[in-house]
Amino acid sequence: MSGKGGNKQGKKQGGSKGGKQHELAITTRAEDYPKWYQDVVRFGELAEPAKVVKGCMVIRPHGYAIWEKIQRDLDARFKNTGHRNAYFPLLVPQSFIMKEAEHIEGFAPELAVVTHAGGQELEEPYVIRPTSETIIGHFFAKWIDSHRDLPLKINQWANVMRWELRTRMFLRTTEFLWQEGHTAHATHEEAIEETLQMLHVYGDFAEEVLAVPVTRGIKTASERFAGALETYCIEAWMQDGKALQAGTSHDLGQNFGKAFDVKFQNEAGDLEHVWQTSWGVSTRLIGGLVMTHSDDDGLVLPPRVAPIHAAIIPIFRKAHEKERVMEAAERLKEQLSAIDIAPERARYRDFLEVVIDDRDMRPGAKFYDWERRGVPMRIELGPKDLDKGQVCMKMRVDTPACSGKQFLPEAEFLGSVRQRLLDYQDALLAAAKARRAANTVTLDTWEEFEATFAGDESKFAWCHWDGTAETEAAIKDKTKVTIRCVPLEGQGPAAEPGTCIFSGKPSKQRVLMAKAY
RNA sequence: CGGGAUGUGGCGCAGUGGCAGCGCACCGGUUUUGGAAACCGGGGAUCGCCGGUUCGAAUCCGGUCAUCCCGACCA
């Protein structure tokens, strides 16, 4: 039951001392949290730094399969809310970026620019899109004439590039994959409604599919998207206490409508600029997924995004046993593969992905291998089980409902697999919520605040703030703590007046403060 | 972009001027197989890259590139 074998102590002594150390052991969180994250991503075979291209990563098949599952579910949610997919060019004329003053100011430092092509210098350079508001604004202007063309609700799955100074796999890479929704509406009210609707699509998705609890809120002016009136966000709590902005939804007002002259004739016959929104989530979600659930044994994946749901490890000694066990394993795999764990009303099916690990390795070695890959369910199948008509299974992480190895009659096991995976999904969310709750505090004095955020420490802290950018900047300057968001109703403590934790001035409500990625 | 660290086989490391090594992984074989198997045999690195010093450079010098950490910057 100490399901950990010997990978805790004898690891990585370095050098040629011999012995039984496991070089492939994962650094523990307590030892070195950033190194742990790197190890989990690498040993879990999610991704690796490209190296030959600065700041970029290679997403490996196991990691990309997670992205595909994220895409599948989100895409269905977008379609369910009336959006259609389209695709716009990777290259954007440099002049486009310049058209919205705040936008250019926000993005200029991180642009990659194409100046030469076809062996010649270009007349006008192209920018590699850091986001597509501008080029989409250009086309919206062509497509929209009348209020009958509205609302226009488009989504794009794409890659974007931002020349970041400091990169970390999934969390911040120079090139990343994402989805960007862009909509145009006849009224501001409708645009705000859309912005909030998509924020909640993200929030629901994060919790239901990724099992990542998030706080829905509004960004302060300093954290707002360049060119937006208001930026809404979902913030996730990571195991080192820091916050991760996991998704954003922007009310763009008429800023881009004016910059790109996107006008429509309303019912009264007057010309008006459209009201726009944009919203996006990226491969960063995978980084958040890793830092929410994974442990010192490696990756932990919720079933709804796990590329492989169950690994069957055949166990045998003699040739005739092998034949018998493999046959049974194939049969079991076939039955499991017919089970569908897609959510109710989903637009897709989600049949279990099952592998039989027939590699020539010791069973124990295989256990470790699948654990590092985060596979939710492990099935050990040996002669003893076949004799008894039972299945031996174990979940990657112990939950209140299922801990350690379980020995179940085959029929009972098969009948319960779907529910077990769904329960496991729920248990991961519950565990993540519990960890977050245990690391969320309400602070009222600056002394408490400084103690909470001393050194590298971070928690989620609900504090009063006087609402000024000066105070926000001063707090960040002193402690590296930022205001992650002003919570939407029900997402934090009920609004009650108080005094700012830093300035002592009056405050209307508490905001979420934490160090951030 | 600044400060620091590091770059030697797939991974982890040793080697500080004189034949490029070790552990794990990998390949072949035999025995094994319910929590990281054992033995035998074998393959694989122009020591990140470029230049310099030297009879001779993984090692010294200069430059450059990349990664990691910290900072600045950042939907």
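Residue numbers start from 1 in every chain, and the chains themselves are labelled A, B, ... in the order their sequence lines are given, proteins ahead of strands.
Phosphate proximity of A36(B) to R362(A): absent, as no side-chain N or O sits under 4.0 Å from OP1 or OP2. In terms of phosphate contacts, K35(A) brings no side-chain nitrogen or oxygen within less than 4.0 Å of OP1 or OP2 of C69(B). A sub-4.0 Å separation between OP1 or OP2 of U33(B) and a side-chain N or O of R359(A) is absent.
With both ends at atom C1', the span from C27(B) to C68(B) equals 33 Å, rounded to whole Å. The separation of G42(B) from U32(B), taken at their P atoms, amounts to 24 Å, rounded to a whole angstrom. The C1' atoms of G12(B) and A25(B) are separated by 11 Å, rounded to the nearest whole Å. Using P as the reference atom, G17(B) and C61(B) are 12 Å apart when rounded to the nearest Å. On the C1' atoms, U46(B) is 13 Å away from G9(B), given to the nearest whole Å. Taking the P atom of each, G52(B) and G71(B) are spaced 41 Å apart, rounded to whole Å. Remark: the separation of the P atoms in G7(B) and C60(B) is 11 Å, to the nearest Å. Between the C1' atoms of G21(B) and G35(B), the separation comes to 33 Å (whole Å).
Among the heavy atoms of the strands lying under 4.0 Å from K384(A) is at least one base atom, whether or not backbone atoms are also near. Among the atoms of the strands shown, base atoms are found under 4.0 Å from some heavy atom of S282(A). Looking at heavy-atom distances under 4.0 Å, F225(A) makes contact with sugar-phosphate atoms alone, never a base. Residue-level contact check: E380(A) touches the bases, meaning some heavy atom is under 4.0 Å from a base atom. Looking at heavy-atom distances under 4.0 Å, P34(A) makes contact with sugar-phosphate atoms alone, never a base. G227(A) comes within contact range of no nucleotide atom at all, as no heavy-atom separation falls under 4.0 Å. Residue F176(A) is classed as a base contact, given a heavy-atom separation below 4.0 Å to a base. Residue T131(A) is classed as having no contact, given no heavy-atom separation below 4.0 Å to the nucleic acid. Nucleic acid contact for G382(A): base, since at least one base atom lies under 4.0 Å from a heavy atom of the residue. D360(A) comes within 4.0 angstrom of a base, heavy atoms only.
Of the candidates K219(A), R216(A), Q491(A), E235(A) forms a side chain to side chain donor-acceptor pair (under 3.5 Å) with just one, namely K219(A).
With its ring centre under 5.5 Å from that of the base six-membered ring and a plane angle below 30°, Y368(A) counts as stacked on A36(B).
With a 3.5 Å ceiling on both atom-pair distances, A14(B) lacks any Watson-Crick or G-U wobble partner. Using N1 to N3 plus N6-O4 or O6-N4 for Watson-Crick, or N1-O2 and O6-N3 for G-U wobble, each under 3.5 Å, U54(B) pairs with nothing. Under the Watson-Crick or G-U wobble criterion, with both distances below 3.5 Å, A66(B) is paired with U6(B). The pairing partner recorded for G44(B) is none, the criterion being a Watson-Crick or G-U wobble arrangement whose two distances lie under 3.5 angstrom. Pair check for C39(B) finds G29(B); Watson-Crick or G-U wobble, both atom distances under 3.5 Å.
No hydrogens or angles were tested; on distance alone, a donor-acceptor pair under 3.5 Å links the side chain of R378(A) to the base of G35(B). A donor-acceptor contact under 3.5 Å is formed by the side chain of R172(A) with the base of C74(B).
Between the C1' atom of A25(B) and the NZ atom of K366(A) lies a distance of 17 Å, rounded to the nearest Å. The separation between F316(A) atom CZ and G34(B) atom C1' is 12 Å, rounded to whole Å.
Side chain to side chain, H250(A) and T231(A) meet the donor-acceptor criterion of an N or O pair below 3.5 Å. Residues S222(A) and E472(A) bring a donor and an acceptor atom of their side chains to less than 3.5 Å of each other. A donor-acceptor contact under 3.5 angstrom links the side chains of T482(A) and R484(A), judged on distance only. No side-chain N or O of S249(A) forms a donor-acceptor pair with one of T195(A) less than 3.5 Å apart.
For D385(A), whose side chain is taken as the heavy atoms from C-beta onward, the closest listed nucleotide among G34(B), U67(B), G35(B) is G34(B). Listed candidates were C74(B), G35(B), G34(B). Nearest to the side chain of C392(A) is G34(B). For I315(A), the listed nucleotide lying nearest its side chain is G34(B); candidates were G71(B), C68(B), G34(B). Distance from the side chain of P363(A) is smallest for U33(B) among the nucleotides A66(B), G71(B), U33(B). Comparing atom distances between the K480(A) side chain and each of A36(B), G71(B), G34(B) picks out G71(B) as nearest. For E164(A), the side-chain atoms get nearest to C74(B) when compared with the rest of U33(B), U67(B), C74(B).
Heavy atoms of other residues, nucleotides or ligands lying less than 6.0 angstrom from CD of Q71(A) number more than 12.
In terms of position along RNA chain B, the nucleotide closest to P314(A) lies nearer the 5' end than the nucleotide closest to the other residue of the pair P314(A) and D477(A). When the nearest nucleotides of RNA chain B are assigned to R42(A) and E110(A) by heavy-atom distance, the more 5′-ward of the two goes with R42(A).
With hydrogens and angles ignored, the 3.5 Å screen pairs a side-chain donor or acceptor of S294(A) with a backbone N or O of V300(A).
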Please enumerate all protein N or O atoms sitting under 3.5 Å from an N or O of nucleotides 1-7 of chain B, with distances to 0.1 Å.
unit_1 : atom_1 : unit_2  : atom_2 : d
C1(B)  : N4     : L165(A) : O      : 3.3

